[in-house]
Amino acid sequence: MDRLSAMDTGFFDIENSGPPVAVGTALTIEGKAPTVAKLRKHIESRLISMPRFRQKFEPSRSKILRGKWVDAVPDLTFHVSQRKIKSEPEFDAVVGEAIEAKMDPARPLWDAVMVTGYSATEWKLLIRLHHAIADGQGATILLGQLFDFDPTGQVRLADGIAAMVTPRESDP
């Protein structure tokens with residue numbers, strides 16, 4: 001059983017009496033935007049290496065033990081949405097709305113918004129996850145599972161990040 005850490009439990013306590021507690025990233029991606037269905041299919045193919053994206057928080061019934069993570073099947077029509085905007089400056093409002101929205105604790109605690117309509121040559125992807133899933137650095141590594149480091153799809157961004165942060169053995 002995978003119980004939340006004391007710190008992660010604290011994030012839920014903070015959120016119960018204050019603002020949402022989320023971290024995320026906003027990416028600008030060059031090229032024509034895929035369909036939202038194609039983006040959902042891509043994310044679905046990567047979920048196997050992202051267990052927290054396939055789990056939800058279950059609070060302790062006794063209130064004595066810390067809550068735990070339990071398996072859940074994410075509904076990608078809920079978790080991955082699309083917003084169309086007319087101009088790039090409107091993106092700030094999309095980010096603000098997303099960051100201010102509380103996540104549904106009955107579902108896995110992440111979402112993604114594909115933002116299109118403002119350009120034929122680029123699109124944006126806003127990914128948000130609850131702080132109980134990962135901190136800023138952990139989110140970078142976790143989200144690195146979604147993106148490829150090279151065009152062949154053989155190396156994920158997470159592999160490159162891991163290589164950068166793994167200490168090298170010193171030469172004799």
Side-chain angles (χ1 to χ4, degrees), residues 8 11-12 14-57 69-161:
D8 291 340
F11 290 131
F12 284 104
I14 291 168
E15 190 171 59
N16 286 336
S17 62
V21 182
V23 296
T25 189
L27 306 165
T28 299
I29 302 165
E30 292 181 0
K32 186 176 185 258
T35 64
V36 70
K38 190 170 184 175
L39 179 61
R40 287 178 182 138
K41 188 170 180 85
H42 172 77
I43 291 173
E44 181 179 38
S45 74
R46 300 297 174 98
L47 289 179
I48 192 69
S49 61
M50 305 170 74
R52 287 290 186 252
F53 276 43
R54 297 179 283 109
Q55 296 173 326
K56 65 181 181 175
F57 168 69
W69 293 108
V70 296
D71 291 336
V73 177
D75 174 1
L76 294 183
T77 59
F78 172 83
H79 288 282
V80 182
S81 62
Q82 182 176 15
R83 281 282 296 274
K84 292 186 178 184
I85 58 175
K86 294 180 181 173
S87 64
E88 190 172 10
E90 292 177 53
F91 184 64
D92 289 348
V94 173
V95 172
E97 289 170 21
I99 292 299
E100 291 175 4
K102 287 195 176 183
M103 294 184 171
D104 182 352
R107 299 177 181 267
L109 296 170
W110 66 274
D111 55 36
V113 180
M114 181 172 79
V115 181
T116 62
Y118 68 94
S119 172
T121 59
E122 72 176 36
W123 56 287
K124 296 184 183 297
L125 183 61
L126 174 62
I127 303 174
R128 183 175 70 119
L129 49 116
H130 196 279
H131 210 305
I133 293 176
D135 61 9
Q137 183 178 9
T140 302
I141 293 169
L142 179 63
L143 295 175
Q145 294 293 339
L146 287 176
F147 306 106
D148 296 328
F149 198 64
D150 70 347
T152 67
Q154 299 300 308
V155 180
R156 292 188 184 164
L157 179 58
D159 299 329
I161 294 168

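In what follows, residues are counted from 1 in the order of the sequence shown.
Contact between Val94 and Leu126 at its shortest, heavy atoms only, is O-CD2, 4.2 Å. Summarising the geometry of Val23 relative to His131, their closest heavy-atom pair is CG1-CD2, 3.6 Å, with the distance given to 0.1 Å. The minimum heavy-atom distance linking Pro74 with Leu47 is given by the pair CG-CD1, 3.7 Å. The nearest pair of heavy atoms linking Arg54 to Ile48 is NH2-O, 3.2 Å. Arg83 approaches Val113 most closely through the heavy-atom pair CG-CG1, 3.8 Å.
Applying the 6.0 Å contact sphere to NZ of Lys38 captures no more than 12 heavy atoms from other residues, nucleotides or ligands.
Note that CG of Asp71 is 5.5 Å distant from CD of Gln55, once rounded to the nearest 0.5 Å. Note that CG of Leu125 and CD of Gln82 are 11.0 Å apart. Values are rounded to the nearest 0.5 Å. The distance from the OG atom of Ser45 to the CZ atom of Arg40 is 14.5 Å, given to the nearest 0.5 Å. To the nearest 0.5 Å, atoms NZ (Lys41) and CZ (Arg46) are separated by 13.5 Å. Taken from OG1 in Thr116 to CD1 in Ile29, the straight-line distance is 11.5 Å, to the nearest 0.5 Å.
When side chains are defined from C-beta on, Ile43 counts as touching Trp110, because their heavy atoms get closer than 4.5 Å. Looking at heavy atoms from C-beta onward, Arg128 lies in side-chain contact with Ile99 at the 4.5 angstrom threshold. At least one side-chain heavy atom of Val70 sits less than 4.5 Å from a side-chain heavy atom of Lys56. Side-chain contact check for Tyr118 versus Pro89: every heavy-atom pair is 4.5 Å or farther apart.
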Practice task
Could you check His130 against Arg52 for side-chain contact (heavy atoms from CB on, under 4.5 Å), going step by step and ending with a plain yes or no?
Solution key: CA-CA 10 Å; His130 196 279; Arg52 287 290 186 252; over 6 Å; no
Practice task
Run the numbers on Arg107 and Phe78 for side-chain contact (heavy atoms from CB on, under 4.5 Å), then give the verdict.
Solution key: CA-CA 9 Å; Arg107 299 177 181 267; Phe78 172 83; 3.1 Å; yes
Problem - Verdict with supporting geometry, Glu88 and Lys124, side-chain contact (heavy atoms from CB on, under 4.5 Å) - result: CA-CA 9 Å; Glu88 190 172 10; Lys124 296 184 183 297; 2.9 Å; yes
Exercise for the section: Assess whether side-chain contact (heavy atoms from CB on, under 4.5 Å) is satisfied between Leu129 and Leu109, documenting all intermediate values. Expected result: CA-CA 6 Å; Leu129 49 116; Leu109 296 170; over 6 Å; no
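Aromatic ring orientation, Trp69 versus Phe57: perpendicular (interplanar angle above 60°, classes split at 30° and 60°).
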